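Here the structure is laid out as structure tokens; the discussion comes afterwards.
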Amino acid sequence: INAEYMGTDPRKRVECFNWLYWQVGSAPYIGGGFGHFYCYAPAHIEYCIDRFSMEAKRQLDVLDKHLDGKAYICGDEYTIADIAIFPWVRCIDVFYKASEFLQLASYAHVCRWLETLLARDAVQRGLRVNGFGEDAVKERHSRADFD
């Protein structure tokens with residue numbers, strides 16, 4: 001992994017790895033658990049929705065408390081941890097349409113962090129790759145594909 005996105009300080013690099021591992025352990029509950037039972041399961045199973053909703057909210061709470069006073073996951077540096085965690089949190093609103101259900105707005109630091117990332121040009125370009133909007137880049141082979 002490019003050191004530019006791992007943090008420059010050795011302690012921050014360890015923190016970055018910690019949050020990458022957190023994402024690996026958390027994503028299945030948000031996407032595979034909550035997202036599946038809330039949006040895609042062929043049968044509405046209230047217990048499953050409740051169980052994975054509470055876990056998704058717990059994870060949002062962990063992230064919200066961590067982001068208090070920080071611009072990014074690892075402090076003032078944008079890292080691969082932000083890049084890895086962002087799509088899973090964003091999908092709560094964009095794909096699952098569950099912002100109100102999970103009370104996403106109540107996680108002020110998470111919402112601010114999402115807005116900070118969405119304001120980055122690189123994030124906007126990345127969202128276009130294989131995206132769904134009118135400005136989507138269906139296949140990306142070079143920078144010229146964005147023109």
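All figures in this text were calculated on a predicted structure; none of them were measured in a lab. Quick note: numbers below take in every heavy atom, side chains included, and nothing from hydrogens, waters or symmetry partners.
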Determine whether Tyr72 and Thr79 make a side-chain contact, defined as any pair of heavy atoms from C-beta on separated by less than 4.5 Å. no
For the backbone of Leu118 and the side chain of Gln124, can you confirm whether one donor and one acceptor N or O come within less than 3.5 Å of each other? yes
Would Met54 and Leu104 show up in the same hydrophobic cluster when neighbours are defined by side-chain heavy atoms closer than 4.5 Å? no
Under-4.0 Å salt bridge between Asp61 and Lys65: yes
Please name all residues satisfying salt bridge (Lys or Arg N to Asp or Glu O under 4.0 Å) with Asp50, sequence neighbours left out, ordered by chain then number. none
State the CG-OG distance between Asp64 and Ser106, to the nearest 0.5 angstrom. 7.5 Å
According to a 4.5 Å side-chain heavy-atom criterion applied to Ile, Leu, Val, Met, Phe, Trp and Tyr, with indirect links allowed, do Val94 and Leu114 form part of one hydrophobic cluster? yes
Between OH of Tyr21 and OG of Ser26, what distance do you get to the nearest 0.5 Å? 14.5 Å
Any donor-acceptor pair under 3.5 Å linking the side chain of Arg112 with the backbone of Leu67? yes
In the structure I gave you, are the side-chain heavy atoms of Trp22 and Leu63 within less than 4.5 Å of one another anywhere? yes
Hits for salt bridge (Lys or Arg N to Asp or Glu O under 4.0 Å) against Arg58, two or more places apart or cross-chain, chain-then-number order -> Glu55
Please determine whether the number of non-hydrogen atoms from other residues, nucleotides or ligands lying under 6.0 Å from atom CG of Asp135 exceeds 12. yes
Residue list, side-chain contact (heavy atoms from CB on, under 4.5 Å) with Ala41, at least two apart or on another chain: His36, Phe37
Joint cluster assignment, Tyr40 & Leu102, ILVMFWY side-chain distance < 4.5 Å: yes
Just how far is it from atom CZ of Arg128 to atom CD of Glu134, taken to the nearest 0.5 Å? 12.0 Å
Verify the cluster assignment for Tyr78 and Val14: are they in a single hydrophobic cluster under the rule of side-chain heavy atoms below 4.5 Å apart? no
Can you tell me which residue pairs pass the side chain to side chain donor-acceptor pair (under 3.5 Å) test with a partner in residues 83-104, sequence neighbours excluded? Lys57-Gln103, Asp93-Ser99
Pairs flagged by ring pair (Phe, Tyr, Trp, His ring centres under 6.0 Å) wherever residues 98-118 is involved - sequence neighbours left out: Tyr38-Phe101
NE2 of His66 to CD1 of Ile85, rounded to nearest 0.5 Å, is 8.0 Å
Check Cys74 against Ala81 and note the closest heavy-atom contact, atom names and distance. SG-CB, 4.4 Å
Are Ile30 and Val62 connected, step by step, through hydrophobic side chains (Ile, Leu, Val, Met, Phe, Trp, Tyr) whose heavy atoms are closer than 4.5 Å? yes
CG of Leu117 to CD1 of Ile83, rounded to nearest 0.5 Å, is 8.0 Å
Considering only residues two or more places apart or on different chains, which pairs with a residue in residues 69-84 satisfy salt bridge (Lys or Arg N to Asp or Glu O under 4.0 Å)? Lys12-Asp76
Under the side-chain contact (heavy atoms from CB on, under 4.5 Å) criterion, do Tyr29 and Phe34 qualify, and how do the steps go? CA-CA 6 Å; Tyr29 291 98; Phe34 173 74; over 6 Å; no
